[in-house]
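Accompanying notes for the structure given below.
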Amino acid sequence: RGDEMIKILDLNHVTIVSRDVDASRWFYCGVLGMKELPHPASFTHTTVWFRQGSAEIPLVAEPDSTQKPGDPPTHPEGERDWSKARHFALAVEDIGAAVETLAEHDIPVVLGPRDRGDGITQMFCYDPDGYLIELHTL
């Protein structure tokens, strides 16, 4: 029994806390192209769920959460850049189009696009609540 391991099939979702659900909705649906999903009727707290492909991001409104939104500030120096901070990554079809879309919405790219070193191109930006997000090619 000691040799058995849990067999993970997929990363199902990443739940984050939002101080402004409408700003998050604009970012995740309007900029990243995710779709809003209905949430379970049993949920009594303010939540909004987004999905695109297998990526699912539920938001919990700050008043209903046990945490504050966002990540602590990063302090990139030399080789210790944004990629070495806590973040979640979303695969995108076209990194060039993603750069253009972020620019059109005045969302700064804080790192990249750059070759990750394994044939994947990556870049990083922040969502409205200060969560660091990696967008990368497959």
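Just so it is clear, the structure is predicted and the values come from calculations on it, not from any experiment.
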With clusters defined by side-chain heavy atoms of hydrophobic residues (ILVMFWY) lying less than 4.5 Å apart, directly or transitively, does [Y] cluster with [X]?
X	Y	result
Y131	V48	yes
L37	F50	no
I57	L135	yes
F43	I16	no
I95	L102	yes

- Look up atom SG in C29 and atom NZ in K35, then write down how far apart they are to the nearest 0.5 Å.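 Atom-to-atom, C29:SG and K35:NZ are 7.5 Å apart.
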- Task: Step through the shown structure and confirm whether more than 12 heavy atoms of other residues, nucleotides or ligands are within 6.0 Å of CZ on R114.
- Result: yes
- Message: Counting neighbours of CD on E93 that are heavy atoms of other residues, nucleotides or ligands and sit closer than 6.0 Å, is the number greater than 12?
- Response: no
- Audit row: W82, C125, side chain to side chain contact (heavy atoms under 4.5 Å, CB included) steps and yes/no: CA-CA 9 Å; W82 279 270; C125 67; over 6 Å; no
So do the side chains of [X] and [Y] get within less than 4.5 Å of each other, counting heavy atoms only?
X	Y	result
V17	K68	no
T15	V60	yes
H136	M123	no
I133	L90	yes
V99	P113	yes

Atom of [X], atom of [Y] and distance for their closest heavy-atom approach:
X	Y	value
S83	H87	O-CE1, 3.3 Å
R86	D71	NE-OD1, 3.0 Å
R116	Q122	CD-NE2, 3.3 Å
R19	P128	NH1-O, 3.7 Å
V110	L132	CG2-CD1, 4.1 Å
R51	G53	NE-O, 3.0 Å

Donor-acceptor pair, side chain of [X] and main chain of [Y], under 3.5 angstrom:
X	Y	value
D10	N12	no
Y126	V109	no
H105	A103	no
T101	A97	yes
T137	T121	yes
T74	P76	no

- Walk me through it: do D127 and I107 pass the test side chain to side chain contact (heavy atoms under 4.5 Å, CB included)? CA-CA 8 Å; D127 86 342; I107 299 168; over 6 Å; no
- Partners passing side-chain hydrogen bond (donor to acceptor under 3.5 Å, both in side chains) against D22 (at least two apart in sequence or in another chain): R25
- Message: Could you go through F27 and L32, starting from their C-alpha distance and side-chain angles, then the distance that decides it, and tell me whether this counts as side chain to side chain contact (heavy atoms under 4.5 Å, CB included)?
- Response: CA-CA 6 Å; F27 179 78; L32 296 185; 3.5 Å; yes
- Quick one: do I120 and L138 satisfy side chain to side chain contact (heavy atoms under 4.5 Å, CB included)? Show the steps, please. CA-CA 6 Å; I120 289 175; L138 289 177; over 6 Å; no
- Message: If you apply the rule ring pair (Phe, Tyr, Trp, His ring centres under 6.0 Å), what do you find for W49 with Y28, and how did you get there?
- Response: CA-CA 10 Å; W49 290 35; Y28 287 98; over 10 Å; no
- Task: Check the side chains of D129 and S24 for a donor-acceptor pair under 3.5 angstrom, ignoring hydrogens and angles.
- Result: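 Yes, side-chain donor-acceptor contact under 3.5 Å.
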- Task: Return the set of residues passing salt bridge (Lys or Arg N to Asp or Glu O under 4.0 Å) with K84 (not counting sequence neighbours), or none when no residue passes.
- Result: D81
